[in-house]
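The structure under discussion appears below in the form of C-alpha cells.
Along the sequence shown, residues carry numbers from 1. Note that the structure is predicted; figures quoted are calculated from it, not measured.
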Amino acid sequence: MAKVNIRNEIRFILNGEDVTLAKVAPDETLLDWLRLNRSLRGTKEGCAEGDCGACTVLVGKLSANGPVYESVNACIRFLGSLDGTHVVTVEHLRGEAGKLHPVQQAMVDCHGSQCGFCTPGFVMSLYGLWMKSPNPSNAAIEKALQGNLCRCTGYEAIMRAAHAISSYGKAAKDPLAVERKAITARLEAMHDGARVEIGAGKARLVVPANVDDFAAVLDKEPGATIVAGSTDVGLWVTKHMRDISPVVFIGDLDGLCTISEDKGVISIGAGVTYTEAFSTLAKRIAALGPLFDRIGGEQVRNMGTIGGNIANGSPIGDTPPPLIALGARLTLRKGKKRRTIPLETFFIAYGKQDRLSGEFVEAVHVPVPAKATKFAVYKITKRRDEDITAALGAFFLSLARDGTVADVRIAYGGMAATPKRASSVEKTLLGKPWTEQTVEAAMAQYATDFTPLTDMRASAEYRALAARNLLLRFFAETSGTRAPIQVSRHEAA
C-alpha cells in the first residue's frame, strides 16, 4: 500500500464557518461540543440515545453530485466522525430580509409548537425533508418525523406546517441551495486523502484514509473500537459510560460505501447506511422496504449501517435474520487477506462472532430471490415505529411443481442468543406439500429450535407463540388461505 499522509486535526464546516480541531476526545459527542464549546443551544438533549430527535442537526457529506444533507442525532454522533462534512444547526436557518426561515414560519403559523423543547429538532427534520421534497406527501412527512417525539402537540399541527412550508418560500432559494457550489468546493478542499490521528496512547482517535488504510490500522491495533454509524456505540458512551478508546471512525470511508449488483447478487459495503441501501434493496427485494422503514427513525437510518448491524452480533439486530433467510454471504478482511463465509455461521454465541483479531466486516452479498420463490419478513414491536424488536421472523420458500417444499429457510431474531435458523422446523417442512396440515405439524418443532427469554420487550411465552403464528401468517399470505392464528391459553380462556 502506498504511504499515507497523516493529519493531526479534523476539519469540517459548521454552518458557515470552517472549523479545525486538533483536540478531540474519542468519545466526545457533537451535541456536547455544540452546546458547551460553541454555545449553540438550539440543539437539545432529550434522551441521549437517538430516540427523541430533540438534538437533530443536518450533516452534509460529499457525493458525486455535491453535498447530500441528512438529519442525524447529535447526541450519539461523535465529533471525530465529522471530518470533511458540513454540519448545519437550527441557528443557521434564516429567511429573506431578516425574516424567519420558511420552516420556522410555518411552524409558528400552524401552531406546531407548545412547550418548544422538541421544536428545533422537528424544524431540522422538516428542513431536511423540504430541501429534498418541497411538496411532500403525508407518508413522506411521517417517515421524516419517525425519529422526532413530541409530548404536547399531537403532531397534526406539525403535519400541517410541513405541508405549508413551500407557501412561505422556495427550496431552490434556500441558502443551502444557493451556496451549494461554494460549500462543495470547500468540502472538496478538506478531502486531502490523509489519515487523521488525534491524541496519544490509548486516548486517541483515527480516521483512516481509505479501506486499505483501515485494514492496516486495525492490523496494528486490533483492540480498537470500530465506529461506523455510532447508533449503538453512541449509547455505550451516553448510557453505559464505557471507555471506547482508541476509536477508529469508518463512516463514509472510501471502499466501504458502495452497493452494486452482479449476476443476481447485491453486494453491500459495510459502511452503506440503511438510507443509502433502501432504494436498491426495496426495489430488488420488496419485503425489505417495509422492514427498513421501521428500523429506528430517519436519523438512525441516516447514520446506522448494515455492516455495523451485522458486526454488532446482537440477537435482536433487524437485518441478519432476513439476510440469513436469503442465503447471504459475508466477506471478512484482515490486512490484505479476505475470506467469505455464509452469514449464518458468523454468529457463534451471544457476544461472540467468527471474526479473528484485527479482522473486520467488509461487505455482505445478498442473492436476489427468484420470482417464483416467496420471501417475507415480519417484525414484532410494542409500537410500530422507532422501536426495538421483540421478535423478528424471516421466511424464504421455494416450491416444486407438485406443490411440495423444495427449499425453505426460516430465521429469527429475538428468539435465541444469536440470529438463528429454525432448523427443525425447516426439516419438517422440506419435501412436504405446502398445506395447512404440514405447517401445523412443523410448528411443534419450534420448541426444539428455540428457548426464548423473558425481558422488558416480551415474555418467553409471547415470543414462542408469536414465532409460531408468524409461520402461519407466512403460509396464509403465500397460499391465499386464511390460516387460523393460535392464541395463548390465557387468551383462549
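With values rounded to the nearest 0.5 angstrom, Met190 atom CE is found 6.5 Å from Thr20 atom OG1. Considering OG of Ser260 and CD1 of Ile268, their distance stands at 9.5 Å, rounded to 0.5 Å. Remark: Leu291 CG to Ile285 CD1 distance equals 11.5 Å, nearest 0.5 Å. If you take CG on Leu472 and CD on Glu440, they are separated by 6.5 Å, rounding to the nearest 0.5 Å. Leu326 CG to Leu281 CG: the interatomic distance, rounded to the nearest 0.5 Å, is 9.5 Å. Going from atom NZ of Lys44 over to atom CG of Leu31 covers 10.5 Å, rounded to the nearest 0.5 Å.
In this structure, Thr231 and Gly304 approach most closely via the heavy-atom pair CG2-N, 3.7 Å. The heavy-atom pair separating Tyr350 from Thr418 by the smallest distance is N-CG2, 3.9 Å. Scanning both residues, Val405 and Leu429, for their nearest heavy atoms gives CB-O, 3.3 Å. Of all heavy-atom pairs between Ala277 and Ile306, the closest is CB-CD1, 3.7 Å. Between Arg7 and Ala194 the shortest heavy-atom distance is CB-CB, 4.1 Å. Minimum interatomic distance between Met303 and Ser230 (heavy atoms only, all atoms of both residues): CE-OG, 3.4 Å.
Exactly one residue among Asp213, Asp254, Leu256 makes a side chain to side chain contact (heavy atoms under 4.5 Å, CB included) with Pro208. That residue is Asp213. Screening Gln299, Glu386, Arg301 for a side-chain hydrogen bond (donor to acceptor under 3.5 Å, both in side chains) involving Gln146 leaves a single residue, Arg301.
The side-chain heavy atoms of Glu298 and Asn302, taken from C-beta on, include a pair separated by under 4.5 Å. When side chains are defined from C-beta on, Val361 counts as touching Leu330, because their heavy atoms get closer than 4.5 Å. Between Arg339 and Leu356, some side-chain heavy-atom pair lies under the 4.5 Å cut-off. Residues Thr85 and Ile13 form no side-chain contact, since every pair of their non-hydrogen atoms from C-beta on lies 4.5 Å or further apart. With contacts defined as side-chain heavy-atom distances shorter than 4.5 Å, the pair Arg457/Ile388 qualifies. When side chains are defined from C-beta on, Glu70 counts as touching Thr275, because their heavy atoms get closer than 4.5 Å. Cys75 has its side chain out of reach of Thr29: every pair of non-hydrogen atoms, C-beta onward, lies at least 4.5 Å apart. Looking at heavy atoms from C-beta onward, Val196 lies out of side-chain contact with Asn8 at the 4.5 angstrom threshold.
Trp434 and Ser479 share no donor-acceptor pair across their side chains, judged by distance under 3.5 Å alone. In this model, no donor atom of one side chain and acceptor atom of the other lie less than 3.5 Å apart for Asn65 and Ser63. A donor-acceptor pair shorter than 3.5 Å can be found between the side chains of Ser81 and Arg77.
Put simply, the side chain of Gln445 never gets that close to the backbone of Ala442: no donor and acceptor are under 3.5 Å apart. In this structure a side-chain-to-backbone donor-acceptor pair under 3.5 Å is missing from Glu362 to Arg338. A donor-acceptor pair under 3.5 Å is formed between the side chain of Thr438 and the backbone N or O of Pro433. Although no hydrogens or angles enter the test, the distance criterion places no donor-acceptor pair under 3.5 Å between the side chain of Lys374 and the main chain of Ser398. Side chain of Asp387 to backbone of Thr381: no donor-acceptor contact under 3.5 angstrom is found. The backbone N or O of Ser314 sits less than 3.5 Å from a side-chain atom of Asn312, completing a donor-acceptor pair. A distance-only check finds a donor-acceptor pair linking the side chain of Thr56 to the backbone of Gly53 [under 3.5 Å]. A side-chain donor-acceptor contact under 3.5 Å links Thr428 to the backbone of Ser424. Checking side-chain atoms of Arg463 against main-chain N and O of Leu453 turns up a donor-acceptor pair under 3.5 Å. Between the Arg35 side chain and the Thr43 main chain, a donor and an acceptor come within less than 3.5 Å of each other.
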How far apart are the C-alpha atoms of Thr89 and Asn15, what are their side-chain angles, what is the distance that settles it, and do they pass the side chain to side chain donor-acceptor pair (under 3.5 Å) test?
-> CA-CA 7 Å; Thr89 71; Asn15 295 326; 3.2 Å; yes

Give the intermediate values and the outcome of side chain to side chain donor-acceptor pair (under 3.5 Å) for residues Thr331 and Thr340.
-> CA-CA 4 Å; Thr331 293; Thr340 300; 3.0 Å; yes

Test ring-ring contact (aromatic ring centres under 6.0 Å, His included) applied to Phe78 and Trp236, step by step | CA-CA 12 Å; Phe78 292 113; Trp236 296 1; 9.6 Å; no

Checking side-chain contact (heavy atoms from CB on, under 4.5 Å) for the pair Arg195/Asn5: CA distance, chi angles, key distance, verdict?
-> CA-CA 6 Å; Arg195 177 199 301 170; Asn5 293 325; over 6 Å; no

What do the steps show when you test Trp33 against Arg38 for side-chain contact (heavy atoms from CB on, under 4.5 Å), and what is the final call?
-> CA-CA 7 Å; Trp33 184 79; Arg38 289 305 177 104; 3.7 Å; yes

Can Asp385 and Arg294 be said to form a salt bridge (charged side-chain N to carboxylate O under 4.0 Å, His left out), step by step?
-> CA-CA 5 Å; Asp385 291 326; Arg294 293 181 61 198; 5.1 Å; no

Is there a ring-ring contact (aromatic ring centres under 6.0 Å, His included) between Phe375 and Phe396 once you walk through the steps?
-> CA-CA 5 Å; Phe375 175 68; Phe396 172 87; 7.1 Å; no

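Using a cut-off of 4.0 Å between Lys/Arg side-chain N and Asp/Glu carboxylate O, Glu359 and Arg333 are scored as not salt-bridged. Salt bridge status for Glu221 with Arg204: present, with a side-chain N to carboxylate O gap under 4.0 Å. With salt bridges taken as basic N to acidic carboxylate O contacts below 4.0 Å, none links Lys61 and Asp83. The pair Lys202-Asp243 meets the salt-bridge criterion, with a side-chain N (NZ, NE, NH1 or NH2) lying under 4.0 Å from an Asp/Glu carboxylate O.
Counted within 6.0 Å of NZ on Lys427, heavy atoms from surrounding residues, nucleotides or ligands total 12 or fewer; the atom is thus considered open. In this structure, Lys132 places its NZ atom where more than 12 heavy-atom neighbours from other residues, nucleotides or ligands lie under 6.0 Å away. Atom CZ of Arg383 has more than 12 neighbouring heavy atoms from other residues, nucleotides or ligands inside a 6.0 Å radius.
Below 30°, between 30° and 60°, or above 60°: for Tyr69 and His86 the angle between ring planes is above 60°, a perpendicular geometry. Relative ring orientation between Phe214 and Phe360 is described as tilted, the plane-to-plane angle lying within the 30° to 60° band.
Looking at residues two or more places apart in sequence or on another chain, you find a ring pair (Phe, Tyr, Trp, His ring centres under 6.0 Å) between Tyr378 and Phe395. Under the rule for a side-chain contact (heavy atoms from CB on, under 4.5 Å), the partners of Asp293 that lie at least two apart in sequence or sit in another chain are Lys143, Phe278.
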